[in-house]
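The structure under discussion appears below in the form of structure tokens.
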Amino acid sequence: MRSFSKKGSNGTQNKHNSQNSNESNNQNNTAEVKVPIDTNLNTNIQNLKEMLGQPEDLIIREIKVGSLQKKCSILYISVLVDQNMVQTNISKIVQSSNAQEIMAISEMKNILAVNEIADAVLSGNTVLMLDGVSLIWIMNTAGGDKRSIEEPQSEPVIRGPRAGFIENIDTNISLIRRELKDPNLRFEMHEIGERSKQKLAVCYVEGIINQDILDEVNRRLKSIDVDFVQDSGFVEQWIEDSFLSPFPQILDTERPERVIYSILQGKVGILVDGSPFALIAPVTFGLALQSIDDYSQRWVIGSLLRLLRFLSTFISLFLPAIYVALIAYHPGLIPTQLAFSIAASREGVPFPAIFEALLMAVAFEVLEEAGIRLPKGIGQTIGIVGGIVIGDVAVSAGIVSPAMVIVTSLTAIASFTIPNYSTGVGLRVMRFALIFAASVLGLYGIILIFIMMVVHLVNLKSMGVPYTGPFAPYFLGDLKNLLIRAPVMTLTKRPPYLETEDTKKINNGGQDK
Amino acid sequence: MTKPRSGEGFLSDRDILIAVITNVIGVATLSLPRLIAADTNSADGWIAIALGGGIAGTLAYIISKIASSFPNQSFLSFASDLISKPLAVFITILFTLQFMVIASFQVREISALAHQYLFDQTPREVISLTFLLVVVFAVSGSRAGIFRLNMLFLPFTIGGLLALILLPVAFMHPENVLPIFHTDFKGYLKATYTTVGSLTGFGIVLFYIALVKNPKNTPKMAVRGMLVVTFFNILLYIICIGTLGNLTTANLFFPTFDLSRSVQIPGSFFERFDSILFVVWTTIVFTTALMAFDLAVMTLMMLFKKLRRIRVILALSPILFFISMLPKDYLELTRISRFMNSFSVIFIVSVTILLGVAYKVKGGKQNG
């Protein structure tokens with residue numbers, strides 16, 4: 001037994017060393033010295049202690065095991081582990097004679113360098129070392145407190161599951177696995193964060209996913225070089241196609257069922273430890289305007305809601321600009337009656353329409369930002385200040401016209417119907433560009449900016465897949481799941497632009513082609 | 001799709017169909033009824049349009065048939081095979097010039113349109129320059145992007161045409177259409193000639209077919225595109241004549257647009273519907289200018305292989321702007337467009353004949 005393990009460990013050690021040298025070439029700025037594992041127990045413990053800086057919460061228990069009364073140690077960091085599990089499962093069992101057989105911990109693996117022991121201990125594992133053997137056991141006992149599963153804050157639905165992702169990646173994976181029992185479901189684990197060593201899972205369904213897309217995602221994930229990832233948004237920015245674009249090329253979601261729906265369509269889900277937001281790639285523009293809720297409603301309702309969202313996106317983008325263009329350049333285009341009433345309401349307003357529009361648009365942005373940053377308790381203050389001061393008093397003081405207030409509030413309300421926050425923020429930027437263009441060249445300026453937006457969109461890609469999705473390249477059949485939400489019975493195909501291995505939605509695990 | 005598709009063969013037949021439609025429908029479509037009405041009596045012009053469409057369709061078929069029998073080969077390379085290298089280079093240069101003039105013509109016409117229907121005080125240089133800059137922005141993107149753009153704007157194109165055709169239907173006076181068949185033969189001939197001239201945009205298939213993945217059905221698609229355009233042209237013409245009468249049509253600069261001046265949309269949210277239509281038509285003119293510019297760049301890069309695309313684009317833009325500002329007024333613009341018409345008809349016909357004869361002579365050996 002012992003010889004076998006030694007041989008095995010030697011073999012892997014060589015392999016590991018070569019890996020180490022590669023890594024140290026890559027990261028020569030972090031002056032880490034790889035300390036090999038000694039056969040002497042005490043040396044190992046001393047090395048580890050030194051490496052971690054003699055922490056107070058590193059618990060070392062010395063036990064004598066087996067009939068030979070061999071010395072062995074159990075090490076763990078008390079704040080990171082599930083204390084109960086360590087007490088009942090490990091400490092007691094190790095002392096019994098046939099420890100190896102009964103040891104029943106979820107995850108066990110052997111490691112070879114003291115650095116790795118340090119990593120393992122810091123991830124909440126418990127380490128078992130035997131004296132005289134360089135074999136070391138790592139047991140997953142990660143514990144500690146985590147948030148309970150709650151309803152997602154950022155994308156509420158009326159009808160649909162209430163569970164949302166939390167910060168713990170294992171829980172998030174379990175949320176997906178529990179719903180999707182497909183044997184082809186895969187989680188490819190990466191480690192990101194030079195110092196934080198966070199886990200990152202790429203999840204997809206084998207047999208559906210287009211291998212090119214998967215390879216591209218993995219390739220980009222491997223290129224990430226950061227110390228710490230505070231949220232999946234950080235990962236998103238590393239791997240997106242164009243960092244200059246105002247449109248998010250990767251979708252974020254807090255909802256497990258949305259991830260499941262997407263990976264079953266042939267997309268890739270990315271879960272990051274420490275972030276309740278999963279990433280979905282590749283995405284297309286229309287996707288950001290969809291809510292997973294659409295599928296729970298009956299199809300007529302779902303379709304109308306989708307059309308409504310397209311309309312309100314249009315309003316939130318163009319309305320202020322069109323107002324400015326009409327007032328400043330083409331009053332002749334407004335119906336006479338309306339033109340008179342607008343002109344009457346603008347009586348006494350000292351600013352040109354463009355300034356008025358910018359004033360209101362900026363005021364609204366400030367209000368929105370303030371509303372996010374404020375603690376919930378005093379959030380109402382913002383409502384009162386915004387509603388009364390900006391809306392009412394500004395009009396009666398004659399600084400802005402009532403028509404402008406209507407336009408601004410319509411725009412604001414319309415912009416909140418976009419289900420995805422990141423997309424909404426991107427469109428806000430475009431709104432300002434349009435207002436400027438309208439003030440310079442009127443309707444003509446608006447259409448030019450619109451053309452530029454479309455040009456930008458057609459050149460944009462998400463993980464190499466055209467961002468304009470089923471609109472162009474033209475996949476007419478897929479529009480029934482984009483513009484409208486056709487009856488569920490008719491949605492039998494996966495999105496063609498993903499070029500999935502298995503195109504039919506109703507399938508037997510991708511076996512028949 | 002995820003693999004880099006910069007190489008040859010990323011287009012489908014349908015892309016060509018759409019490209020032909022969006023390229024041929026442009027400013028020329030707007031002024032066509034004026035030119036036709038000048039040569040024919042009452043509504044007889046539709047015969048000329050149908051004839052012209054038929055001729056243009058045939059030419060498009062021959063051209064795309066020849067081009068599609070050299071799959072994934074650039075125009076210069078297969079033309080050199082057919083009709084000696086110097087001649088092919090000469091023709092390519094002529095094409096470059098033609099596309100440059102077409103692009104700058106669109107750039108100029110957009111300011112003419114804007115002056116007439118949107119604002120009359122903004123200097124035309126500003127209107128043209130901003131338009132050209134947007135075109136440059138689009139050309140600097142990928143070529144696949146240009147075709148995606150065509151697709152995205154296709155609904156605008158069709159919608160813009162349908163709006164032009166359907167809205168004034170209620171204002172039609174049947175007596176304007178009558179009497180029929182009162183045009184003399186010469187009139188028909190001239191009108192047909194003008195029509196073919198306005199449809200020469202199908203020349204783009206010569207160059208874009210090299211990018212089609214499987215160009216077997218492409219000739220059919222090109223012809224289908226021409227049929228769609230001809231169909232719309234006939235409808236547009238009849239509506240124009242029916243509403244305005246032959247004489248008025250012949251004397252309005254953009255008769256099709258002036259039609260919509262009289263239109264009242266129910267609920268009357270917008271008055272002056274022509275201005276709204278102009279906005280839609282900007283996209284249509286844009287796609288035509290975009291493809292002409294792209295092809296000018298493409299043909300130049302065929303001739304000078306070492307040039308970088310972005311440099312060619314940047315070098316061409318000021319030249320295009322300069323050309324577009326040359327005509328002093330509408331009259332000159334009209335004269336130039338007449339000349340361009342004649343030139344492109346003669347040019348495309350002679351190229352077709354030249355290539356067709358050479359193809360027949362050198363024969364079926366490439367024809368797999």
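In what follows, every chain begins at residue 1, and chains take the letters A, B, ... in the order their sequences are listed.
When each of I25(B), T29(B), T288(B), L162(B) is tested with T157(B) by the rule side-chain contact (heavy atoms from CB on, under 4.5 Å), just one qualifies, namely I25(B). Y323(A) pairs with exactly one of I406(A), V407(A), T408(A), T411(A) by the side-chain contact (heavy atoms from CB on, under 4.5 Å) rule, that one being V407(A).
The pair D212(A)-R219(A) does not count as a salt bridge, with every side-chain nitrogen at least 4.0 angstrom from each carboxylate oxygen.
Residue F253(B) places its CZ atom among more than 12 non-hydrogen atoms of other residues, nucleotides or ligands, all under 6.0 Å distant. No more than 12 heavy atoms of other residues, nucleotides or ligands shown are found within 6.0 angstrom of CZ on F231(B).
When heavy atoms are compared at a cutoff of 4.5 Å, T122(B) approaches chain A solely by way of its side chain, counted from C-beta outward. Proximity to chain A (any heavy atom under 4.5 Å) is restricted, for V126(B), to the side chain, taken from C-beta onward. For A114(B), no part sits under 4.5 Å from any heavy atom of chain A, backbone or side chain. For I127(B), the parts lying under 4.5 angstrom from a heavy atom of chain A are both the backbone and the side chain. Of the two parts of F137(B), the backbone and the side chain both hold a non-hydrogen atom closer than 4.5 Å to a non-hydrogen atom of chain A. Interface remark: F153(B) contributes side-chain atoms only to the contact with chain A (heavy atom separation under 4.5 Å).
Scanning residues 448-457 of chain A against chain B with a 4.5 Å heavy-atom cutoff picks out L448(A), F450(A), I451(A), M452(A), V454(A), V455(A), H456(A), ordered by number.
Aromatic ring pairs are classed by plane angle as parallel below 30°, tilted from 30° to 60° and perpendicular above 60°; the pair Y467(A) and F247(A) is tilted.
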>> Determine whether Y329(A) and Y444(A) satisfy the following criterion, ring-ring contact (aromatic ring centres under 6.0 Å, His included), listing intermediate values before the conclusion.
In response: CA-CA 10 Å; Y329(A) 281 88; Y444(A) 181 64; over 10 Å; no
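How far CG of N210(A) is from CZ of R494(A): 12.5 Å, rounded to the nearest 0.5 Å.
Among the candidates N459(A), V440(A), D215(A), the residue making the largest number of heavy-atom pairs closer than 4.5 Å to chain B is N459(A).
Contact between M100(B) and A296(B) at its shortest, heavy atoms only, is CG-CB, 3.9 Å.
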